[in-house]
Amino acid sequence: MSDTLLDIRNLGIGLGGDPAHEVVKGLTLGIQPGETMCLVGESGSGKSLTALSVMGLLPKALAPTRGQILLKGEDMLTASSKRMRGLRATAMSMIFQEPMTALSPVHRVGDQIAEVLDAHTNLDGKARRKRVLEMMEHVHLPNVESLYYSYPHQLSGGQRQRIMIAMALILRPQLLIADEPTTALDVTTQKQILTLIRELREEQGTAVLFITHDMGVVAEIADDVTVLRLGEVEETRPVDALLRQPKTPYSRKLLQAVPSLIPRPPRKLNDRPIVLQTTDLGMTYESSGWFRKGRSVVAAKEVNLTLRQGQTLGIVGESGSGKSTVARCIVRLIDPTTGSIRISGTEVASISQRALKPHRRKVQIVFQDPFRSLNPRIEVGESIIEGPTNFGVPRRKAMDRARELMELVGLPGSALDRYPHQFSGGQRQRIAIARAIAMDPDLLVADEAVSALDVSVQAQVLELLDDIQKRLGIGLLFITHDLRVAAQICDDVMVMQHGKVVEYGPAATVLGDPKTEYTRALIEAAPGRDWDFGNFRPVSETMAAMKQQQS
Amino acid sequence: MSTQAAPSGGSPSRIAQLREIVFSSPIVTFAALMLLLIVLAAIFAPWITPYDPARLSPGTRLRPASDAHWLGTDAFGRDLFSRIVYGTRISLAVGIGAAVAAVLLGLAVGLIAGFFRTLDAILMRVVDGLMAIPNILLAIAIVALSGASIWTVLVAITIPEVPRVVRLVRSVVLSAREEPYVEAAIAAGSSTWRILTRHLLPNTIAPLIVQGTYICASAILIEAILSFLGAGISPETPTWGNIMAEGRIYFQINPGIIFWPGLVLSITILSINLVGDAVRDALDPRMAKRGIDR
Amino acid sequence: MLGYIVQRILAAIPVMGFVALFVFLLLRLTPGDPAAIIAGDAATPAQLAAIRERLGLTDPIHVQFINWITDLLRGDFGVSIISGTPVINMIGSRLEPTISLALTTITLSIIIAVPLGVIAAWKQGTIIDRLVMAISVVGFSVPIFVIGYVMIQIFAMQLGWFPVQGFRSITEGLGPFAQRIFLPTISLTLLYIALIARITRTSMLEILNEDYVRTAHAKGLTDTRVLMRHALRNCAVPIVTVIGIGFALIISGVVVTESVFNLPGIGRLTVDAVLARDYPVIQAVILLASLVYVVVNLLIDIAYVFLDPRIRYQ
Amino acid sequence: QPVEAQTLRAVKHSDLRVLDPIITTAYMSRNHGYMVFDTLVALDANFEIQPQMADWEISDDGMTYRFTLREGLMFHDGEPVRPADVIASIRRWGERDGMGQVLMTYIDSMEGDGDDVVVINLSQPYGLVLDSLAKPSSNVPFIMPERLAETPSTEAIPEQIGSGPFRFVQDEFQPGVQAVYLKNEDYVPRDEPSSWAAGGKVVNVDRVEWVTMADDQTALSALMAGEIDYWEQPPADLLPILEGNPEMEVRNLNELGYQTIGRMNFLHPPFDNKLIRQAALAALNQQDVLDAMIGNPDLYNVCASMFICGTPLESDAGAEFGTESHLDRARELLEEAGYDGTPVVIMHPTDVVTLRTQPVVATQLLRDAGFEVDLQATDWQTLVGRRASQAPTDEGGWNMFFTNWVGADVFNPLVNNMVNGRGAEGGWFGWPDIPRAEELRTAYAEATDPEQQVAYARELQELAYDEVMYVPLGEYIVPSAWSTNLDGVLDGPAPFFWNITKAE
Ligand SMILES: Nc1ncnc2c1ncn2[C@@H]1O[C@H](COP(=O)(O)OP(=O)(O)OP(=O)(O)O)[C@@H](O)[C@H]1O
Ligand SMILES: Nc1ncnc2c1ncn2[C@@H]1O[C@H](COP(=O)(O)OP(=O)(O)OP(=O)(O)O)[C@@H](O)[C@H]1O
Ligand SMILES: [Mg+2]
Ligand SMILES: [Mg+2]
């Protein structure tokens with residue numbers, strides 16, 4: 001293993017450097033030059049910490065307890081901080097998950113890249129600028145001359161991530177660490193970034209340590225994969241071998257949890273009553289000032305949809321296409337500017353908040369962010385009964401019901417008196433669902449309700465929603481940008497772009513046989529779409545099998 | 001579907017929380033102890049002090065510290081120690097009173113301004129106006145307006161502080177009302193009152209504690225400055241501020257008259273700030289998260 | 001940008017209007033009688049009434065208010081009731097000491113406090129942090145006049161390095177100016193150091209948790225560079241806010257300092273005017289102070305735009 | 001200013017605000033008047049009246065006074081002093097000043113005779129014509145140009161043009177900061193040595209600056225550091241520090257000193273009852289007040305006389321309970337009066353150092369005697385406004401306040417405002433309505449025989465004590481301090497700045 005670029009041996013990371021409280025427990029891992037190693041595993045398994053310890057950037061609360069991290073034979077754990085500074089950006093670089101926050105908001109992006117050159121080379125200002133511009137072009141940024149002087153907030157998420165990549169690669173380090181670099185981006189952008197990283201690796205021969213929990217991404221770019229669980233390595237395999245024959249049960253489970261892109265067959269629901277119908281729903285955001293002309297954004301336009309009891313309607317589309325706007329109009333968190341919304345036959349689009357109150361219980365919403373959608377200062381039980389008690393259910397009765405609901409969503413009823421921070425993200429999202437169904441709604445709106453969860457937890461929550469829908473027969477309006485998820489649970493799918501509906505119909509039709517260019521592009525951008533993870537084989541083989549079955 | 005057990009451990013009791021705050025560092029412990037002592041001194045002033053703090057004795061004025069008068073006497077021959085101990089009462093009352101009053105008033109107005117956008121514009125103009133008037137000048141004018149009693153001094157100190165609290169609360173409310181859990185509460189049909197009190201109000205508590213300790217400390221100081229400028233509480237009623245203000249011309253003859261109340265004042269303000277910061281840290285969600293991981 | 005400034009200035013009009021009305025009413029409702037000050041101790045009620053009549057104090061309040069406002073809009077601030085000096089001259093001659101003191105104080109406290117706050121945040125939880133905070137809180141908790149007396153006693157009387165009191169215009173030479181402004185600046189600075197160091201520390205603590213600070217480290221930058229260029233630059237907004245408000249409120253802060261060091265500034269003028277019920281002077285000074293406040297706020301908001309490109313005029 | 005210009009820097013007891021010594025009785029304005037203006041005649045250190053701007057002759061029947069202006073008198077604008085200026089000045093003063101008002105009622109006519117003679121004809125004999133014109137303290141009949149003297153007496157004069165030994169520098173005047181005077185090079189002093197306001201006013205410095213210092217502590221340090229030369233009224237407690245310093249001279253310049261007094265409101269309960277007033281008188285004592293206020297026994301004097309101890313009118317008539325506390329007597333009187341516990345509202349000005357001790361001491365003594373006392377802290381200006389209110393206490397009125405007078409302002413029945421018995425219409429704050437007091441004052445004024453004057457004064461004082469028109473709480477002196485490089489600092493009822501030399 002003499003040519004191993006990065007050799008992590010028996011690495012332990014403990015809270016306060018305490019071997020008794022290890023978070024990463026004896027991890028061993030090697031990357032050859034030019035190779036892409038994917039690090040997968042559920043949230044909290046120690047992926048990021050491993051990466052940070054290579055860079056010598058562990059949070060203060062944590063410290064290595066044992067082992068070695070050898071970069072070209074030099075131990076990073078014992079190197080002086082001066083030496084570490086010298087190695088960063090020159091020998092190893094890192095891209096972080098959140099392109100929104102990883103760049104300093106008050107410095108021009110070009111300068112932020114140039115700073116790397118300033119710190120590590122003797123180039124003068126002009127030469128620096130030239131190098132930066134070259135690099136920016138290299139990562140396919142448009143109008144680099146003017147982009148150089150932009151601030152991060154003026155760039156899209158994908159552009160920012162490119163800036164990060166340019167910054168990481170400008171000194172051509174042998175090792176690039178990418179910690180979930182695309183999780184926050186929408187599919188189309190994600191695809192571009194993945195292509196870029198692959199390209200650069202091929203050109204510069206950089207070794208990549210790629211952290212993700214998205215199996216689609218793994219299928220797309222990995223040479224080798226390391227599966228991590230609770231701080232320990234489950235297995236390290238070449239990608240194809242792993243996807244086809246996972247050795248450990250955990251890896252199997254992880255792969256099985258990935259939703260399939262193949263749409264579910266539609267259910268027969270046409271005879272059920274309609275719970276939600278919108279006609280020509282439109283929303284225009286006006287920002288007005290006393291002294292200035294307002295700016296207006298048409299966020300939704302002429303949205304017509306119908307949702308029946310027990311049915312699931314998915315709304316998909318890239319970021320900013322107006323999905324949330326539609327959802328918020330339906331729940332009347334904002335007032336639509338045009339059109340009508342009928343909930344179980346009652347028009348609610350323009351009635352006053354007071355008149356609206358009785359209808360509130362019929363429509364409930366679950367938000368994307370499990371960390372912010374529960375009030376951190378209130379016991380979860382109180383959060384769940386808030387709605388019912390508002391509608392006159394006696395406290396005690398509401399509490400009993402809340403206990404049942406907790407069990408329904410797979411949590412112990414005794415956990416009602418705990419605070420949100422005492423639950424994991426997936427558990428919190430389940431509590432949020434329990435809160436929503438505590439109102440016995442006819443309609444449940446889930447706005448990116450599973451996007452923030454890792455695959456295994458996501459699978460649990462999706463299953464739960466399905467289960468609840470079956471039991472209670474509620475209509476589900478499911479908003480997502482993940483086509484896999486849409487394919488798995490939706491009867492109908494609606495595709496939105498720039499506030500308009502571009503395609504609307506049964507899931508099998510829309511996703512299986514897209515009519516518009518836009519939908520097609522969306523589907524093509526889904527990473528690993530050639531792979532049917534749950535069945536450990538490529539989609540082509542599954543299709544063939546299905547054909548066989550049918551015939 | 002797997003039924004994961006939720007992590008164990010109920011919420012820590014209030015007392016445990018308090019204990020954790022107090023013992024979070026030796027300095028905070030010391031500060032809390034000092035505050036306790038000072039509050040006790042205020043409550044038990046009549047039992048601690050050897051003399052009536054108002055009793056004049058012009059014959060024995062400006063005496064240095066002695067066995068009879070532990071810290072000496074002031075220009076009226078009154079016992080300095082007794083006056084400082086009694087002064088604790090008014091000074092603390094002014095500090096705490098101003099903090100509580102400013103926080104409550106500011107909270108009410110700030111919640112309203114933050115939540116009801118229609119009232120916001122008007123309220124904010126008034127608040128801006130009040131904020132623009134220099135606070136000491138406003139205080140002097142108010143004291144001159146209605147005579148210097150503890151109440152007017154309190155009002156005079158409180159009014160200029162209110163706008164700052166309003167702004168703080170308003171900004172917290174403005175950002176908190178965008179939180180998904182507030183929207184969820186709206187979707188659950190909760191009344192405006194309920195949303196204000198249950199969901200928005202608690203968010204303001206941590207910053208308000210910091211602001212409150214700041215107001216408390218600065219009120220005690222402003223009272224001293226008002227006394228210095230001759231617009232404070234009647235010198236008949238001892239406060240740390242007016243003891244110092246009265247004693248200032250004896251600075252070179254009997255420096256104790258300024259030194260001792262100044263020392264107590266500084267220790268109090270220091271302690272209030274330290275304890276306030278510790279409470280804030282304990283309430284800060286980020287800090288709290290760190291606590292969980294531990 | 002220009003449009004924004006104009007808009008902000010227009011928005012300040014109702015604020016100033018409120019201040020003007022509020023101050024006017026407050027003063028007129030305040031007991032006290034400038035006539036009595038003019039006439040002295042032995043005046044009889046009839047003499048007082050005659051003087052009051054002369055000063056226009058017997059007019060109905062709204063008439064007085066309208067008179068004052070119309071004069072004001074014409075640029076006429078009136079004359080002092082007591083000394084007959086034009087208010088504009090009185091304020092004019094008092095501006096320099098106050099502005100000098102304010103500027104030196106703010107400058108010095110920024111120079112001292114910001115690094116202190118940065119160090120405290122960087123070394124959070126250590127002895128250095130506690131020490132810095134303790135020092136700054138002590139600065140905040142000792143009344144200014146005590147600090148002033150002690151300074152005079154030590155540096156002017158014992159050591160003889162500085163004059164006790166007084167003010168020299170900077171036009172009379174930097175030496176005499178600096179000599180006299182030094183002690184007042186130091187005693188006022190302690191308070192501002194406390195304020196600014198604390199806010200710097202708090203904001204820095206928040207910023208140091210940000211992702212881009214980690215990014216900066218990942219670039220291989222030195223700690224100092226990360227601290228000063230990335231972290232500090234990013235918390236400029238809250239720090240500038242506190243500094244700005246501190247500056248706007250310095251009128252209150254200088255009152256005591258001006259008394260102790262006998263600086264002929266605005267603060268002292270105002271207190272004298274309040275105690276003498278010299279209405280035109282008080283009104284003008286408070287309006288001026290509010291104007292300073294409004295202008296400083298405007299400047300702060302404009303500074304925001306330069307400090308934080310995300311902020312746009314709204 | 002030339003480099004060698006000798007400048008005398010003085011810290012005064014207060015700041016100069018009103019630049020018209022006639023419109024106000026403020027002592028700072030009076031002091032300012034002495035710098036800029038001159039007087040016809042003046043009182044010397046022996047209470048003798050001496051010529052200053054003019055010599056005089058009295059006709060045998062005592063009904064005609066001829067004042068002959070001395071040579072070389074010139075206003076600062078270069079105009080000579082004419083009889084018309086004198087007459088206009090006396091008239092204006094006569095409208096404002098208490099003693100002047102009385103004088104005017106006896107004057108039949110005033111007219112000029114030639115360029116340098118003023119003739120005053122009386123309508124009936126009056127013994128205090130010269131005493132009035134030589135009045136040393138507020139309001140002093142200063143002589144100003146006719147055009148200024150024609151300003152209505154409710155309005156301040158627009159310019160500071162006098163014929164006095166100093167010129168006022170208007171440009172450098174900053175109210176609350178400083179007032180600046182330059183030596184009047186054209187002033188021709190009299191030949192006699194100076195004594196009080198009389199004699200030659202020889203100016204030896206080029207420039208006098210009156211500096212205001214808001215803080216006594218600062219003034220003390222500044223004086224010791226040599227940044228100022230003269231401090232008019234150091235607080236008594238700081239004197240030992242100055243006395244202990246060999247470079248400082250501390251001396252009392254005003255022998256008449258000051259009288260501190262308490263005044264009750266005769267219009268409202270409880271002090272509308274004579275017995276209760278007497279009870280208060282009995283409860284109060286001078287010693288405690290003076291101890292708390294001054295401290296050093298060398299600087300105060302327990303004195304029962306309302307008209308100042310050491311003057312011709314000194315007496316202890318009626319002062320049986322005047323200077324010491326007689327608490328038993330006070331309680332008896334309260335019992336007898338049926339005092340019902342109506343609280344006594346005492347106004348307490350906390351911003352004036354020399355006035356904030358008396359109310360505190362009085363409160364305690366009154367409480368000891370069984371009074372209910374409501375001590376209300378205010379600032380001096382509020383007090384000044386409020387004491388003019390004749391309303392009951394719950395409507396903004398008051399029961400008692402304290403103030404100090406310069407000896408020269410109380411040392412005879414005419415100047416002493418507190419023995420004025422004209423009641424709510426013409427009386428001084430407190431408004432005792434005691435016609436007999438007015439009769440005695442007129443009798444005093446009209447008496448030409450000093451012994452008779454003394455007798456009337458005695459009787460008036462007896463009456464005033466019986467009615468408790470006011471409570472004299474003792475006399476004190478306020479020494480001034482200056483650096484030893486000053487020489488020739490004059491005694492006087494007001495601080496004078498001529499005759500002083502400054503060594504470099
Ligand atoms: N600053 C910290 N202080 C204490 N514990 C931490 C800290 N950061 C991470 N941990 C703990 O270390 C463990 C591993 O964290 P890590 O961030 O490496 O997970 P991850 O695999 O990257 O998960 P994710 O997919 O959610 O990013 C977690 O249990 C986490 O709670
Ligand atoms: N409060 C608002 N004021 C002004 N414009 C808004 C507001 N909220 C959203 N928009 C704009 O409306 C458009 C649609 O936003 P919306 O949040 O509905 O998109 P989305 O499809 O939910 O995107 P994402 O997938 O990122 O959540 C966007 O261009 C957005 O910038
Ligand atoms: Mg991670
Ligand atoms: Mg959305």
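A note on names: the letters A, B, ... follow the listed sequences, proteins ahead of strands, and every chain is numbered from 1.
- Proximity to chain B among residues 433-443 of chain A is limited to A:Arg435, A:Met439, judged by heavy-atom separations below 4.5 angstrom.
- When each of A:Thr389, A:Val366, A:Leu374, A:Ile365 is checked for heavy-atom pairs under 4.5 Å with chain B, A:Leu374 comes out on top.
- Under 3.5 Å, the side chains of A:Asn375 and B:Arg198 contain no donor-acceptor pair of N or O atoms.
- Nearest heavy atom pair, residue A:Glu386 against residue B:Ala185, reads OE2-CB, 3.7 Å.
- Counting only heavy atoms from C-beta outward, the side chains of B:Ile205 and A:Arg377 never approach each other to under 4.5 Å.
- Interface summary for chain B: among A:His359, A:Arg328, A:Arg332, the most heavy-atom pairs under 4.5 angstrom belong to A:Arg328.
- Checking side-chain atoms of A:Arg361 against main-chain N and O of B:Ala188 turns up no donor-acceptor pair under 3.5 Å.
- Contacts of B:Tyr214 classified as ring-ring contact (aromatic ring centres under 6.0 Å, His included), with partners at least two apart in sequence or in another chain: C:Phe140.
- The contact between A:Val363 and chain B is made entirely by backbone atoms, counting heavy-atom distances below 4.5 Å.
- Here A:Ile378 is the residue among A:Leu356, A:Ile378, A:Val331 with the most heavy-atom pairs under 4.5 Å with chain B.
- Taking all atoms of both residues into account, the shortest heavy-atom contact from A:Ser373 to B:Ala184 is O-CB, 4.5 Å.
- Taken to the nearest 0.5 Å, the CZ atom of A:Phe367 stands 11.0 Å off from the CD atom of B:Glu179.
- With a 6.0 Å radius and a threshold of 12 heavy atoms from other residues, nucleotides or ligands, A:Lys357 has its NZ atom above the threshold.
- Contact annotation: the side chain of A:Pro420 never approaches that of B:Tyr181 to less than 4.5 Å [non-hydrogen atoms, C-beta and beyond].
- Between the side chain of A:Gln364 and the backbone N or O of B:Ala187 there is at least one donor-acceptor pair closer than 3.5 Å.
- The two residues A:Asn390 and B:Gly189 come nearest to each other via the heavy atoms ND2-C, 3.5 Å.
- Heavy atoms closer than 4.5 Å to chain B are found in the side chain of A:Leu333, but not in its backbone.
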